[in-house]
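Along the sequence shown, residues are numbered consecutively beginning with 1.
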Amino acid sequence: MLFEDLSLSKSIQKAVFEEGYTEATPIQEQSIPIVLAGRDLIGCAQTGTGKTAAFAIPIIHQLHRMVGSSNKAKVIRALVITPTRELAVQIGQNFDRYGKYTNLTQLTIFGGVSQVPQVDVLRKGVDVLVATPGRLLDLHKQGFINLDHLHTLVLDEADQMLDMGFVNDVKKIVKLTPNNRQTLLFSATMPIAIRELAEMFLKDPATVSVSPVSSTAENVEQRVYFVDKTEKRNLLYHLIRNEKLSDVLVFSRTKHGADNVVKALRKHGVAAEAIHGDKSQNARQRVLDAFKNKEVGVLVATDIAARGIDIDQLPFVINFDLPNIPETYVHRIGRTGRAGNGGIAISFCSKDESPYWKDIMKLIKVDVTTISDHPYPWHEGSPTEEVKPQPNSNRSGGAHKSRKSANSKQNKKRWY
């Protein structure tokens with residue numbers, strides 16, 4: 001469906017067209033009419049499918065009609081709750097772009113920075129507030145935020161808010177809003193706990209689910225390297241050097257692990273930075289900006305920090321550590337292959353991670369290409385016999401190709 005076929009105001013149509021949007025994605029095509037009709041909504045779609053526009057565009061349309069050109073004092077009529085600063089900034093920027101030909105104003109608030117500039121803007125009044133849970137509750141407690149006039153509440157990345165332990169904060173926030181609000185819940189995955197939250201907060205919601213979490217993008221080529229655990233950093237540098245990889249997002253399971261990978265890469269002249277929860281908000285934003293501006297070639301991130309990374313042309317994702325939750329694998333590799341571009345997702349699987357890989361294969365049902373022609377393979381057999389997926393011709397990954405190992409001793413010199 002074309003955006004011009006949706007019932008949107010001309011000012012929004014103009015802004016959307018200037019952003020290069022002509023055809024709505026499936027989540028947008030299905031969600032926008034539901035939101036415009038005033039219904040509560042549960043939206044489930046993997047990353048990169050356009051969830052933000054699916055709620056931001058119809059909210060701007062509704063508020064633009066509601067507020068019009070009124071010069072009355074502005075009150076918060078739409079609230080978007082999201083788990084991290086990076087996501088909040090991203091969402092706020094989208095509201096600004098889609099609503100640039102309206103008189104609506106938005107403010108993005110988050111912790112880790114001074115509240116003074118945020119309070120100054122709140123005092124002047126805003127139509128749309130994008131917030132992380134902690135800073136919102138803090139400023140509300142201080143009397144700077146009033147949600148009595150709220151029309152629409154959005155719970156974005158609900159699964160991550162649950163993972164990060166924000167569920168109680170979210171419950172407190174919902175209690176501060178009017179009962180007759182419209183509530184939209186968006187999530188990349190839909191575990192039982194999220195469904196329970198939806199039953200608690202939403203009234204007779206419509207459900208939109210596209211690209212189920214078990215599916216991986218068709219334009220992402222997937223590869224797996226079975227590697228000794230102690231040789232992962234060697235293999236990472238081997239690939240970066242020999243394949244001349246740049247613009248690489250590397251996933252680490254822990255903050256400490258991410259820092260160690262960065263230190264090892266820097267020793268060999270690779271421009272790398274880490275982003276994780278122990279970094280200050282300002283430091284995380286600086287690193288993210290440097291990566292987007294190609295000042296840093298390799299970004300090593302934990303899952304929590306990586307949710308805010310939204311780069312259309314990100315060619316490589318490497319799972320340095322495999323996730324123990326298979327759905328997380330789908331989310332990770334969805335960082336590449338966005339906006340119609342291709343991408344390559346590489347996974348390192350050590351012997352102790354074999355159960356994780358089996359679970360991932362069962363979920364995605366893709367024949368992932370095994371690359372065995374590298375210097376650091378497992379010494380004891382191959383796990384490929386044990387992790388054969390069920391065939392599914394509708395999903396990507398390429399044919400399973402096993403090559404002879406080139407396990408030469410001279411290639412096994414440690415570099416860290």
Would a distance-only check, ignoring hydrogens and angles, find a side-chain to backbone donor-acceptor pair under 3.5 Å from [X] to [Y]?
X      : Y      : result
Glu29  : Glu23  : no
Asn293 : Asp289 : yes
Arg77  : Val128 : no
Asp40  : Asp204 : no
Asn146 : Asp148 : yes
Gln115 : Leu139 : no
Glu18  : Ala15  : no
Gln106 : Leu129 : no
Thr82  : Thr84  : no
Gln28  : Thr25  : yes

[X] [atom1] to [Y] [atom2] distance, which is reported to the nearest 0.5 Å:
X      : Y      : atom1 : atom2 : value
Leu87  : Met161 : CG    : CE    : 9.5 Å
Leu322 : Tyr329 : CG    : OH    : 8.5 Å
Leu137 : Lys172 : CG    : NZ    : 6.5 Å
Arg266 : Lys263 : CZ    : NZ    : 9.5 Å
Phe291 : Leu249 : CZ    : CG    : 5.5 Å
Ser347 : Ile318 : OG    : CD1   : 9.5 Å

Check whether any side-chain heavy atom of [X] lies under 4.5 Å from a side-chain heavy atom of [Y], and answer yes or no.
X      : Y      : answer
Trp357 : Val224 : yes
Val174 : Arg181 : yes
Leu136 : Ile173 : yes
Val89  : Phe110 : yes
Ser372 : Phe226 : no
Thr108 : Arg85  : no
His61  : Ile32  : no
Leu41  : Leu185 : no

**Request:** Could I get the full list of side-chain contact (heavy atoms from CB on, under 4.5 Å) partners for Asp120, not counting sequence neighbours?
**Result:**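 So Asp120 forms a side-chain contact (heavy atoms from CB on, under 4.5 Å) with Val116, Arg123.
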
**Request:** Please name all residues satisfying ring pair (Phe, Tyr, Trp, His ring centres under 6.0 Å) with Tyr225, sequence neighbours left out, ordered by chain then number.
**Result:**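 Residues passing ring pair (Phe, Tyr, Trp, His ring centres under 6.0 Å) with Tyr225: His374.
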
**Request:** Name all residues meeting the ring pair (Phe, Tyr, Trp, His ring centres under 6.0 Å) criterion together with Tyr98; count only those two or more places apart in sequence or in a different chain, and write none if there are none.
**Result:**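 By the ring pair (Phe, Tyr, Trp, His ring centres under 6.0 Å) rule, Tyr98 matches Tyr21.
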
Using a strict 4.0 Å threshold on nitrogen-to-oxygen distance, state whether [X] and [Y] make a salt bridge.
X      : Y      : answer
Asp303 : Arg253 : no
Lys10  : Glu4   : no
Lys51  : Asp156 : no
Lys229 : Glu231 : no
Asp127 : Lys74  : yes

**Message:** I'd like to know if the side chain of His238 pairs up with that of Asn234 as donor and acceptor (distance under 3.5 Å, no hydrogens or angles considered).
**Reply:**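 Looking only at side-chain atoms, Asn234 and His238 do not form any donor-acceptor pair under 3.5 Å.
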
**Prompt:** Does the salt bridge (Lys or Arg N to Asp or Glu O under 4.0 Å) test come out yes or no for Glu295 and Arg286, once each step is laid out?
**Reply:** CA-CA 11 Å; Glu295 297 165 11; Arg286 281 197 301 271; over 6 Å; no

**Request:** Please say whether more than 12 non-hydrogen atoms of neighbouring residues, nucleotides or ligands are located less than 6.0 Å from CD1 in Ile192.
**Result:**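 Open.
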
**Request:** Show the numbers, then the answer: is there a side chain to side chain contact (heavy atoms under 4.5 Å, CB included) between Val261 and Leu236?
**Result:** CA-CA 9 Å; Val261 170; Leu236 179 62; 3.6 Å; yes

**Message:** Is there a side chain to side chain contact (heavy atoms under 4.5 Å, CB included) between Tyr376 and Asp228? Walk through the geometry before answering.
**Reply:** CA-CA 6 Å; Tyr376 311 104; Asp228 278 345; 5.7 Å; no

What pair of heavy atoms forms the shortest contact from [X] to [Y], and how long is it?
X      : Y      : result
Ala54  : Val35  : O-CG2, 4.3 Å
Leu6   : Gln13  : O-NE2, 3.3 Å
Ile344 : Thr336 : N-OG1, 4.0 Å
Ser31  : Phe186 : OG-CE2, 4.3 Å
Leu107 : Gln118 : CD2-O, 3.6 Å
Leu162 : Ala193 : CD2-CB, 3.2 Å

**Request:** Could you walk me through whether Thr254 and Thr302 pass side chain to side chain contact (heavy atoms under 4.5 Å, CB included), step by step?
**Result:** CA-CA 6 Å; Thr254 67; Thr302 55; 5.8 Å; no

**Asked** Is Lys232 positioned over the aromatic face of Phe348, cation under 6.0 angstrom from the ring centre and no more than 45 degrees off axis?
**Response**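 Because its charged atom misses either the 6.0 Å distance or the 45° angle limit, Lys232 does not stack over Phe348.
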
**Message:** As a quick check of understanding, evaluate side chain to side chain donor-acceptor pair (under 3.5 Å) for Asp259 and His276, giving each step before the final call.
**Reply:** CA-CA 9 Å; Asp259 287 335; His276 52 65; 3.1 Å; yes

**Item:** Check against side chain to side chain donor-acceptor pair (under 3.5 Å), Thr152 and Gln182
**Value:** CA-CA 5 Å; Thr152 305; Gln182 179 184 31; 3.2 Å; yes

**Request:** Could you walk me through whether Val298 and Ile240 pass the side chain to side chain contact (heavy atoms under 4.5 Å, CB included) test, one step at a time?
**Result:** CA-CA 9 Å; Val298 180; Ile240 291 172; 3.9 Å; yes

